[in-house]
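Scroll down for the structure; my scribbles are underneath it.
Note that these values count all heavy atoms, side chains included, but never hydrogens, waters or copies made by symmetry. No experiment lies behind these values; they were computed from the predicted model shown.
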Amino acid sequence: MEKPMRKLSLHAFCATTLAATGLFAGGSASAAQGCDTAGLDLPEGFCATAFSSDAGAPRHLAVADNGAVYVNLANDVDGHGLMALRDTDNDGVADKRKTFGEGGGTGLAIRDGWLYAATVTDIYRYQLGDNLVPEGEPEHIVTGLPQQTSHAARGLAISDDGMLFVNNGAPSNACQESDRSPGSKGQDPCPLLDNHGGIWQFSATETGQQFQPETEYATGLRNMFALDWHDGQLYGAQHGRDQLYSNWPDTFTQKQSAHLPAEELFAIDEGDHFGWPFCYYDPEMGKKVLGPEYDGDGKKVGRCGDYEQPIAAYPAHWAPMDVLFYDGDGLGSAYNGGAFIAFHGSWNRAPSPQAGYRVIYQPFENGKASGEYEDFAGAQGFQGSEEIKSPGSAEHRPAGLAQGSDGALYISDDAGGTIFRVTRERGGNG
């Protein structure tokens, strides 16, 4: 299926990044008007609470119709990998917290009264009921997802007809003969694509399914656990490759490596190939080009013209963690129908400052990305008044997103152990 490609020039990247400094350097417009923002920098007319400030390392989130907030934890809390939170007095702060279930995961989703949760190797589902914590044993939906030491986080999305989509990242930067080694050539064909580097499809209701290569839905994706199903379409945001300069210093400068390649948002259909490891997306050129591991020089297109192109692109190394298509009215009509994307922040943009550490909003119209993205949420520590020299100096890093039944937006922060709840200020602009 041919998809529209949105070309973003370097000028457009710079313009939107500079526009963001008003939010991330000077504090929140809402805070200036007296609205509590829990330290987040938000557009005018929005408020926030620290829904939970002691949530371990929260990754993806899901909110039940009754307001219970479920969290998949990167690290166990009290011997469990899942957390349930509830605000019983409607003050925007959880006053009940319980942990349960298997640990060490990222992906989470709710569908038809079931909570789906991923560990590194398995997908479980729990029957939700009136109690905060699901009763009874979970059902084992998928087992045997490949164990790996890198890019092991799983994302989940469920289609309207009950298909479960799970990513399996490639434990590699660019499928080199010697991974992340200067001058090492890329393997062609890339053997990792047999069992990694794509999206796999399963039934959301059948138990005891095994990971099998033949259930792959789409391929050529280095690391994509930011997934969402919206209006009949699967979407995902990819972590792009690294180390163009450190591995290929005769071809790329440090500055080029800091700003290449773009992070990409895709519409994903069965059978699609998105070009990893052979290609990366250059935002200034507005197209995919061959990687240096495959005899690319930063300009050659070659086979890359045959692969799927992004529907939107974002600055390099921002690390998209979650994508959420918002379909409520609690944040105002300006945010209905588009996608929020949580970026974890970079580790390898030297000599430029580290960047990302924010939640953006990508407008959509008629099923296509439309217009430039907007910065929506930040904090001192996401991208504050001082430059972030390394990821370790960031006190907060966005990791997960969820929409409440009342339209509130929940944002997890796996560095600060915080879950924020964002709402529109009463009488705020919509």
Side-chain angles (χ1 to χ4, degrees), residues 38 40 48-88 92-111 113-120 122-129 131-135 138 152-158 166-167 225-228 320-324 340-344 359 377 379 382 395-406 408-423:
L40 289 176
T49 58
F51 185 77
S52 177
S53 57
D54 185 20
R59 301 300 287 270
H60 286 180
L61 308 168
V63 185
D65 290 341
N66 63 7
V69 176
Y70 295 95
V71 189
N72 204 340
L73 303 167
N75 302 311
D76 283 4
V77 173
D78 302 327
H80 296 291
L82 299 172
M83 181 179 290
L85 301 161
R86 180 170 283 159
D87 171 16
T88 63
V93 177
D95 47 63
K96 288 187 178 297
R97 186 185 87 161
K98 293 185 178 181
T99 59
F100 65 101
E102 299 292 330
T106 294
L108 203 67
I110 292 177
R111 179 58 59 94
W114 291 89
L115 176 71
Y116 292 79
T119 68
V120 171
D122 299 271
I123 311 296
Y124 299 89
R125 73 171 186 171
Y126 300 78
Q127 179 77 66
L128 296 177
N131 294 327
L132 181 59
V133 171
E135 296 180 346
R154 310 294 179 197
L156 304 178
I158 304 175
V166 182
N167 75 292
F225 53 90
L227 296 172
D228 197 16
M321 299 290 283
D322 202 4
V323 57
L324 170 71
F340 288 99
I341 304 176
F343 289 98
H344 210 222
V359 175
F382 280 13
E395 296 179 5
H396 305 278
R397 304 185 78 179
L401 301 165
Q403 177 183 328
S405 58
D406 60 355
L409 177 68
Y410 292 83
I411 304 169
S412 69
D413 154 27
D414 65 355
T418 305
I419 297 169
F420 298 98
R421 181 177 183 270
V422 180
T423 56

Would you call [X] and [Y] a side-chain contact if the rule is heavy atoms closer than 4.5 Å?
X: M83; Y: V77; result: yes
X: L156; Y: V166; result: yes
X: F340; Y: D322; result: no
X: V359; Y: V422; result: no
X: Y70; Y: L128; result: yes
X: L61; Y: L401; result: no
X: F225; Y: M321; result: yes
X: V71; Y: R97; result: no

Verdict with supporting geometry, I110 and V63, side-chain contact (heavy atoms from CB on, under 4.5 Å):
CA-CA 8 Å; I110 292 177; V63 185; 5.8 Å; no
Does [Y] offer a backbone N or O that forms a donor-acceptor pair with the side chain of [X] under 3.5 Å?
X: S412; Y: R59; result: yes
X: D95; Y: D87; result: no
X: N72; Y: A117; result: no
X: Q127; Y: G113; result: yes
X: R421; Y: T49; result: no
X: N131; Y: V133; result: no
X: D406; Y: A408; result: yes

Evaluate the ring planes of Y126 and F100, with Trp represented by its six-membered ring, and classify them as parallel (under 30°), tilted (30 to 60°) or perpendicular (over 60°).
perpendicular
Between [X] and [Y], what is the shortest heavy-atom contact and its length?
X: P320; Y: A226; answer: O-CB, 4.1 Å
X: D414; Y: P58; answer: CB-O, 3.1 Å
X: A50; Y: A38; answer: N-CB, 3.7 Å
X: A94; Y: L85; answer: CB-CB, 4.0 Å
X: L324; Y: A402; answer: CD2-C, 3.7 Å
X: A48; Y: L40; answer: CB-CD1, 3.9 Å

Carefully, step by step, assess N167 and R154 under the rule side-chain contact (heavy atoms from CB on, under 4.5 Å).
CA-CA 6 Å; N167 75 292; R154 310 294 179 197; 4.1 Å; yes
The reported gap from CZ in R86 to CG in L132 (rounded to nearest 0.5 angstrom) is 5.0 Å
Going by ring pair (Phe, Tyr, Trp, His ring centres under 6.0 Å), name the residues that satisfy it together with Y116, two or more places apart in sequence or in a different chain.
none
